[in-house]
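Along the sequence shown, residues carry numbers from 1.
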Amino acid sequence: MTDTAFLFLKGLHPYDALPDAAFAALIQDATVQDYSAGAAIYALGETLDGLYIIESGEIAVHDENNHQISLLQRENSFGERGLLRDGNAATSARAQTDSRLICIPTALFHKLRADHEAYRKFFDRTRTEANNANSAFDLTRVQVETLMVANPVTCTPGMTIKNAAQKMRDAHISCLCVTNRKKLTGIVTIRDLSGKALAQGLPHDTPVSAVMTPDPRTLPPSAIGSDVLHMMMEHRLGHLPIVEGGKLVGIVTQTDLTRFQASNTAGFVADAAQADSIDALATVTKRIPNLLVQLVAAGNRHDVVTRMITDIADVVTRRLLHMAEEKYGAPPARYAWLACGSQGRQEQTGVSDQDNCLILEDDISENALAYFEPFAQFVSDGLNACGYIYCPGDMMATNPRWRQPISVWREYFQHWIKNPSKEAQMLASVMFDLRVIGGDGSLFEGLQAETLAAASDNSIFTAHMASNALTHQTPLGLLRGLATIRSGENRNTVDMKHSGVVPVVDLGRMYALQGSLDAVNTRARLQAAVAGKVISQSGGRDLLDAYDLVAQTRLEHQARQIKSGKAPDNFLPPATLSAFERSHLRDAFVVIKTMQSALMQGRGVLG
């Protein structure tokens, strides 16, 4: 074994926990193997040589249907699932790039598990997941705060690169978070020290600030594990700081995710992030319906499924923005591309059109403004080609009305709040669900905060918005039945979108306005409304339960349609449900109607 492989394993858990004698036996029997890009490491069902650990490069792992389920990088290991089952590969693995692997022979792997508790515990979790039919989706069930390492090791921007390297070595870690008065300012990794400092021959007293990555990408502790994995795969990150209220609270690394692979969606994200054409992106999105079926069949809750499907749409959008910049040249002004509607709320299902807009910086020239017309058209056309059809209401960045400088957007919101006409209510309802997808997000931050404050302070506007929120009625019929559509192609069905999910979306938006809550996702808005005492705990819990049942029933209906070869829609025939299911669904609609009535009485809704 090479010296670099020795040092690599010595700093990697669980190998750093092995006694000296066991580690000596390990480095004597383990082998270092080099693979060229495209080379097969093992095939499905093949007898495994042992456990593989990635020292460098990227390894693509595919399932029995040849779908990529993981793109693994440095410090990740693979093959343990087959070793813990019957010794034969449960997947196939191929080098995505030139890679160097360390192989621990099968017999030694099992001996280390038998003799050393830390080693056994590390891989016992993997064995549990390998036997769990839902193991591919575990990251959807865990919040980042349970994955992250709390209180990560830090350094100041002025620390020398020599001292930073020593600090990483002594702590057996591969990065340091660079902070100034607890505020994260950057991150420095072993790769930075080798690629920027050592390779360029920088003096040992060079400050960390010269080689660190400034203002790194971050997530809050409330994010879910798949958010981490998707961000890492899209931006090729190995370390992701966790920040709350501007302060560093933790960090998640690829090693932390080894046992928690949301592999199916990760493959989608990786494929979309690396697509080199619109056709390649469309090939990725064509697989989304089958993904929805898999996620629902695995028992995932509706908000997890829609969040993961929306993640793919976000990556596709960002990839199209990048392609547009390559096609038309560097943007002549700062911009923010935002999504509204279901993508903005992270609630996309198997039926989604596109709703988007562009916020541009002020004092933009006419030439610069003209640049964004074909730019927006390219992205919108690309989304349509990928299955996110054009918005029937033309609420897209291709419409000049929704492609304006920030000052114009500020005027839009001020006018809607001061003059709550029917159109203003409709537009405000859509635009309050905005979320930045790409570009410069700072263009939107101030606008969002001031608009929420202005809206919540205007009682006339909120009364009109509340009235607008009650336009979507629940499908409650007489004699404890469900009221179905009476005519047309959707006769004898319930519209689970406009009569089921949308009423709760409207309520959540109203609660956000009343409490100046910055959450955009409906479920997050309901939870924040309970926490902020905008609604009572009992009413909030009932509404959350009702929403979960309605949204889950809608999603399961779509999954059944896809499985039967049909295009998914929102029209559910109650006859396809059992009497028990119909009864509970009706109870959920009663709860929603009760909360609508409470909103009407509490806000003095206009008649």
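Separation of atoms CD (Gln348) and OG1 (Thr310) is listed at 4.5 Å; rounding is to 0.5 Å. In this structure, the separation between CD on Gln596 and CD on Gln473 is 5.0 Å, given to the nearest 0.5 Å. The structure places CZ of Phe571 at 4.5 Å from CG of Asp495, a figure rounded to the nearest 0.5 Å. Taken from OG1 in Thr306 to CG in Leu555, the straight-line distance is 7.0 Å, to the nearest 0.5 Å. The CZ atom of Arg287 sits 8.5 Å away from atom CD1 of Ile312, with the distance rounded to the nearest 0.5 Å. The CD1 atom of Ile278 lies 11.0 Å from the CZ atom of Arg319; values are rounded to the nearest 0.5 Å.
Nearest heavy-atom pair across Leu360 and Leu443 is C-CD1, 4.4 Å. Closest heavy-atom contact between Phe372 and Pro331: CZ-CB, 4.2 Å. The two residues Ser516 and Ser456 make their nearest non-hydrogen contact at OG-OG, 2.9 Å. Heavy atoms only, all atoms of each residue included: Gln425 and His464 are closest at OE1-O, 3.1 Å. Between Gln254 and Leu237, the shortest heavy-atom contact is NE2-O, 3.0 Å. In this structure, Ala424 and Trp416 approach most closely via the heavy-atom pair CB-CD1, 3.7 Å.
With hydrogens and angles disregarded, no donor-acceptor distance shorter than 3.5 Å links the side chain of Glu373 to the backbone of Leu369. In terms of modelled atom types and a separation under 3.5 Å, the side chain of Asn521 and the main chain of Ala524 share a donor-acceptor contact. The closest donor-acceptor contact from the side chain of Trp337 to the backbone of Ala376 lies at 3.5 Å or more, if one exists at all. A donor-acceptor pair is defined here as one N or O able to donate and one able to accept, closer than 3.5 Å; no such pair exists between the side chain of Asp271 and the backbone of Phe268. Judged by distance alone, the side chain of Trp409 and the main-chain N or O of Gln404 form a donor-acceptor pair under 3.5 Å. Without hydrogens or angle criteria, Ser583 side chain to Phe580 main chain gives no donor-acceptor distance under 3.5 Å. A distance-only check finds no donor-acceptor pair linking the side chain of Arg307 to the backbone of Gln346 [under 3.5 Å]. Using modelled atom types, one side-chain atom of Asn419 and one backbone atom of His415 make a donor-acceptor pair closer than 3.5 Å. Not a single donor-acceptor pair under 3.5 Å links the side chain of Glu361 to the backbone N or O of Ala333. Remark: the backbone N or O of Ala519 is paired with a side-chain donor or acceptor of Arg525 at under 3.5 angstrom.
A donor atom on one side chain and an acceptor atom on the other are found under 3.5 Å apart for Gln377 and Asp381. No donor-acceptor contact under 3.5 angstrom links the side chains of Gln448 and Asp518, judged on distance only. Between the side chains of Gln354 and Ser380, at least one donor-acceptor pair of N or O atoms lies under 3.5 Å. Looking only at atom types and distance, the side chain of Gln343 has no donor-acceptor partner in the side chain of Asp433 under 3.5 Å away. A side-chain donor from one of Ser442 and Asp440 sits under 3.5 Å from a side-chain acceptor of the other. Inspection of the Asn570 and His557 side chains reveals no N or O donor paired with an N or O acceptor under 3.5 Å.
Taking the six-membered ring where the residue is Trp, Phe432 and Phe413 present tilted rings, their angle falling between 30° and 60°.
No side-chain heavy atom of Val494 sits less than 4.5 Å from a side-chain heavy atom of Arg582. Using a 4.5 Å heavy-atom threshold, the side chains of Leu452 and Leu513 count as touching. The shortest distance between side-chain heavy atoms of Pro568 and Ile562 falls below 4.5 Å. Residues Asp353 and Met395 are not in side-chain contact: their nearest non-hydrogen atoms beyond the backbone lie 4.5 Å or more apart. Considering only heavy atoms from C-beta on, Leu383 comes within 4.5 Å of Asn356 through its side chain. Between Asp548 and His302 the shortest side-chain heavy-atom distance falls below 4.5 Å. Here the side chains of Asp506 and Ser429 are not in contact, with every heavy-atom distance at 4.5 Å or above. With contacts defined as side-chain heavy-atom distances shorter than 4.5 Å, the pair Val436/Leu338 qualifies.
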Might you work through the side chain to side chain contact (heavy atoms under 4.5 Å, CB included) test for Met431 and Tyr412, ending with a clear yes or no? CA-CA 10 Å; Met431 294 302 177; Tyr412 283 167; over 6 Å; no
Trace of the side chain to side chain contact (heavy atoms under 4.5 Å, CB included) decision for Leu482 with Phe589: CA-CA 9 Å; Leu482 293 173; Phe589 288 137; 3.7 Å; yes
Does Thr553 form a side chain to side chain contact (heavy atoms under 4.5 Å, CB included) with Glu581? I'd like the steps, not just the answer. CA-CA 9 Å; Thr553 302; Glu581 290 170 325; over 6 Å; no
Report the C-alpha distance between Ile406 and Leu447 in whole Å, list the side-chain angles of each, state the deciding distance to 0.1 Å, and finish with yes or no for side chain to side chain contact (heavy atoms under 4.5 Å, CB included). CA-CA 8 Å; Ile406 182 65; Leu447 177 62; 3.8 Å; yes
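Within a 6.0 Å radius of CD in Glu489, no more than 12 heavy atoms belonging to other residues, nucleotides or ligands are found.
Partner of Val550 under the side-chain contact (heavy atoms from CB on, under 4.5 Å) criterion, out of Val504, Asp545, Ile592: Ile592 alone.
A salt bridge does not link Glu347 with Arg523: every distance from a Lys NZ or Arg NE/NH1/NH2 to an Asp or Glu carboxylate oxygen is 4.0 Å or more. The existence of a salt bridge linking Arg345 and Asp355 is excluded, since no basic side-chain nitrogen approaches an acidic carboxylate oxygen closer than 4.0 Å. A salt bridge between Asp394 and Arg401 is absent, with no side-chain N of the basic residue lying under 4.0 Å from a carboxylate O of the acidic one.
Two rings, from Phe375 and Phe378, have their centers 6.0 Å or more apart.
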